[in-house]
Amino acid sequence: MAEKLQAPRGTFDVLPDNAALRTQLIDQIAGPLFAQAGYGRIDTPIFEDTALFARGVGESTDIVSKEMYTFTDQGDRSQTLRPEGTAPVCRAYVEHGMHKLPQPVKLWYEGPFFRQEAPQAGRYRQFFQIGAEALGSDDPALDAESIVLAARLLDGAGVTGARLRIGSLGSGPERAAYSAALKTYLRAHESELSHDVAARIDLNPLRAFDAKHEGTQAVMANAPRLLESISAEDREHFDEVLALLDAANVEYEVDTTLVRGLDYYTRTLFEFTSDKLGAQSGVGGGGRYDGLVEMLGGPATPGIGWAAGIERILAAAEAEAPQAQHPAAYIALDEGADRAAAFALLLKLREVHGLAAQIELAGRSMKGQLKAASRVGAKSLVIFGGGRGQYDAAVKNLTTGEQIELDGLTAGDYYDRIAERVLAGIKV
RNA sequence: GUGGGCGUAGCUCAGCAGGUAGAGCUCCGCGUUGUGGUCGCGGCGGUCGCCGGUUCGAAUCCGGUCGCUCACCCCA
């Protein structure tokens, strides 16, 4: 038996109802929000040099170490399907010399991303994200503006009850000192930690805070906190971000244990969660990445950004699919009708009169055509007669049931007369 | 990769003390030999995931395998 073909594991088809929901989110909600805040849209390639992610995202991250879709192209170059959006945007910023533009440069994007993980609720191998990046300033107001945008997007999308957790990772020597202290602490409790956490004490000790493993959580409850050891300058920056969020009426919880799985984050870090999503509770998140652009070969450039999962936003929002457009006219064909004339009318209604019009395409009975017209919500029905002497065509208002019969198919203005009736709902 | 749950019509599911398959919804037709949304009747549609075993006989029992799903890990 031929094997059944289906969408690859962890991927999905977006069918029309769902597509309408997505289009609405991106075009009606996100687009205007970003435009208002001075963010310009950017689209980067779906795949990039593997080195971009290896360097930018970090070798120690799960994303780079085991989740990338990497392939070798015909030129023997290692390419990778993008697993996240920040590194590519920074690459584009450098490549196009955007540091010469007025700073900060604000960019947003939307599209598919790829990570080879075991799929589960809210986690896919191809998933879609909306993201925003602002480069070239470390003003805390930029952090606040970015976070407010994310919050407003979730609001606009109908996500209720989302929690915003926020923290600061600090920077520089304080962060390095903290990292060393945490490693020492973790090693002292190594036997109580989960296997995974113990194995990456040196690679990425911070992620121990994120473990669900009971023993690990018990250890971490008493672990030293990064937020308490950041520099005075970073603390001041963080406090100002919080003050601005207060001013914006954005609710948040300061979380001293907040960590994220990408290496490039510094200072401000945040995450939106919803309890409507199962184990994958994160709707979106982001933070500051003041060293990333330089790491990618550009000038020292601070930056902040976030990304939110479109599937997760929609799952948390449970929004209704917008209604499809109702056609103004549905053209039905009686047996023996002049099909060419009916087709010509169809195009005339669309192209000359700008109407949404459909024509019978499935060979249904007259009764079936009436049902079909009703089902698609057509306002009017145009019936082409079968040349049995009754009429050439009839226009029926499907709401009122009124019907008028029009003869004179060969007259030059015949289609226009029909269109007139359709537009007027029969009466002229 | 590891563990739990599940795989029967397009969709949602029933059937499982083993006797060769059903419902609802959808779709199409008829009821009005030219006219709809309700209702009634009828029809289309399934190698019961796949392979093997037990049995006179398996969708129903056993083994394997594939797939889906949830969870761990991690993250959008």
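To find a chain, count down the sequence lines: A is the first, B the second, and so on, and within it residues start at 1. The structure presented is a predicted model; accordingly, all values stated were derived computationally and were not measured.
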S.K.: Apply side chain to side chain donor-acceptor pair (under 3.5 Å) to the pair A:Thr44 and A:Tyr109, showing each step before the final yes or no.
M.R.: CA-CA 8 Å; A:Thr44 62; A:Tyr109 59 84; over 6 Å; no
S.K.: Compare the minimum distances between each of B:G29, B:C72, B:G37 and the side chain of A:Arg364, then state the nucleotide with the smallest one.
M.R.: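 Closest nucleotide among those given: B:G29.
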S.K.: Taking only the P atom of each, what is the distance from B:C48 to B:U8 in whole angstrom?
M.R.: 11 Å
S.K.: Remember a base hit wins even if backbone is also touched, and classify A:Glu311 as base, sugar-phosphate or nothing at under 4.0 Å, heavy atoms.
M.R.: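 The answer is nothing, as A:Glu311 stays clear of every strand by at least 4.0 Å.
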S.K.: Are A:Phe12 and A:Tyr124 near enough that their ring centres are under 6.0 Å apart?
M.R.: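 Centroid distance A:Phe12-A:Tyr124: below 6.0 Å, so yes.
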S.K.: Kindly write out the residues that satisfy side-chain hydrogen bond (donor to acceptor under 3.5 Å, both in side chains) with A:Gln280, not counting sequence neighbours, or none if the list is empty.
M.R.: none
S.K.: If the condition is salt bridge (charged side-chain N to carboxylate O under 4.0 Å, His left out), which residues does A:Arg152 pass it with, not counting sequence neighbours?
M.R.: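 With sequence neighbours excluded, A:Arg152 shows a salt bridge (charged side-chain N to carboxylate O under 4.0 Å, His left out) to no residue whatsoever.
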S.K.: Regarding A:Arg339 and the six-membered ring of A:Phe384, is the cationic atom NZ or CZ under 6.0 Å from the ring centre and inside 45° of its axis?
M.R.: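 Not satisfied by the 6.0 Å and 45° rule.
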S.K.: OP1 or OP2 of B:C28 sitting under 4.0 Å from any side-chain N/O of A:Arg375?
M.R.: yes
S.K.: Is any side-chain N or O of A:Ser374 under 3.5 Å from a base N or O of B:G36, one able to act as donor and the other as acceptor?
M.R.: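 Pair found.
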S.K.: So A:Asn397 and A:Arg421, do their side chains get closer than 4.5 Å, heavy atoms only?
M.R.: no
S.K.: What nucleic acid atoms does A:Ala121 come within less than 4.0 Å of, heavy atoms only: base, sugar-phosphate, or nothing?
M.R.: sugar-phosphate
S.K.: Considering every strand and a 4.0 Å limit on heavy-atom distances, what is the contact class for A:Arg115: base, sugar-phosphate, or nothing?
M.R.: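 Base, at least one base atom sits under 4.0 Å.
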S.K.: On a whole-Å scale, what distance lies between the C1' atoms belonging to B:G15 and B:U69?
M.R.: 23 Å
S.K.: Which value, in whole Å, describes the distance between the C1' atoms of nucleotides B:U32 and B:U38?
M.R.: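 Straight-line distance between the two C1' atoms is 16 Å.
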S.K.: Which of the following nucleotides, B:C27, B:U35, B:A76, is nearest to the side chain of A:Arg312?
M.R.: B:A76
S.K.: So A:Lys371, base contact, sugar-phosphate only, or nothing? Heavy-atom distance under 4.0 Å.
M.R.: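 Counting heavy atoms under 4.0 Å across all strands, the contact made by A:Lys371 is with sugar-phosphate only.
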S.K.: Give the nucleotide from the list B:U35, B:C68, B:G36 with an atom nearest to the side chain of A:Leu398.
M.R.: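 The closest nucleotide is B:G36.
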S.K.: The side chain of A:Lys66 lies closest to which of these nucleotides: B:C73, B:C68, B:G36?
M.R.: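 Minimum distance to the A:Lys66 side chain belongs to B:C73.
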S.K.: Which nucleotide in the set B:G67, B:C73, B:G1 lies at the smallest distance from any side-chain heavy atom of A:Gln6?
M.R.: B:G67
S.K.: Could you pull out the closest heavy-atom pair between A:Thr80 and A:Phe53, with the gap in Å?
M.R.: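 Here A:Thr80 and A:Phe53 meet closest at O-CE1, 3.8 Å.
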S.K.: Measuring from the side chain of A:Arg123 (C-beta onward, heavy atoms only), which nucleotide among B:G36, B:C30, B:A76 has the closest atom?
M.R.: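 My answer, after comparing the listed nucleotides, is B:A76.
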S.K.: So does A:Lys367 reach the base of B:G31 with its side chain, donor to acceptor, closer than 3.5 Å?
M.R.: yes
S.K.: Which nucleotide in the list B:G29, B:A71, B:G36 gets nearest to the side chain of A:Ala279?
M.R.: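 Closest nucleotide to the A:Ala279 side chain: B:A71.
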S.K.: Ignoring hydrogens and geometry beyond distance, is the side chain of A:Lys396 in donor-acceptor contact with the base of B:U35 at under 3.5 Å?
M.R.: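 Yes, the side chain and the base share a sub-3.5 Å donor-acceptor pair.
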S.K.: Can A:Phe128 be classed as stacking with the base of B:A76, given a centroid separation cut-off of 5.5 Å and a plane angle cut-off of 30°?
M.R.: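 A stacking contact does not exist, since A:Phe128 is not both close and nearly parallel to the base ring of B:A76.
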S.K.: B:G3 P sits how many Å from A:Gln120 CD, rounded?
M.R.: 16 Å
S.K.: Under 6.0 Å between the ring centres of A:Trp108 and A:Tyr39?
M.R.: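 Ring centres of A:Tyr39 and A:Trp108 not closer than 6.0 Å.
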S.K.: Look at all strands and tell whether A:Gly131 reaches a base, only sugar-phosphate, or nothing, counting heavy atoms closer than 4.0 Å.
M.R.: nothing
S.K.: Taking only the side-chain nitrogens and oxygens of A:Lys212, find out if one of them lies under 4.0 Å from OP1 or OP2 of B:C72.
M.R.: yes
S.K.: Indicate yes or no: at least one non-hydrogen side-chain atom of A:Leu245 is less than 4.5 angstrom from one of A:Asp143.
M.R.: no
S.K.: So what's the dot-bracket for RNA chain B: Watson-Crick or G-U pairs under 3.5 Å, [ ] if a pair crosses, | if it pairs off-strand?
M.R.: (((((((..((((.....[..)))).(((((.......))))).....(((((..]....))))))))))))....
S.K.: Nearest of B:C73, B:A71, B:A76 to any side-chain atom of A:Leu262?
M.R.: B:A76
S.K.: Any N or O donor-acceptor pair linking the side chain of A:Gln403 to the base of B:U35 at under 3.5 Å?
M.R.: yes
S.K.: Any side-chain N or O of A:Ser365 below 4.0 angstrom from OP1/OP2 of B:C30?
M.R.: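 Looking at the OP1 and OP2 atoms of B:C30, one of them is under 4.0 Å from a side-chain N or O of A:Ser365.
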S.K.: Scan A:Ala118 against the nucleic acid and name what it touches under 4.0 Å (heavy atoms): base, sugar-phosphate only, or nothing.
M.R.: base
S.K.: Between B:G36, B:A76, B:C73, spot the one nearest the side chain of A:Tyr124, thanks.
M.R.: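 Within the option list, the nearest is B:A76.
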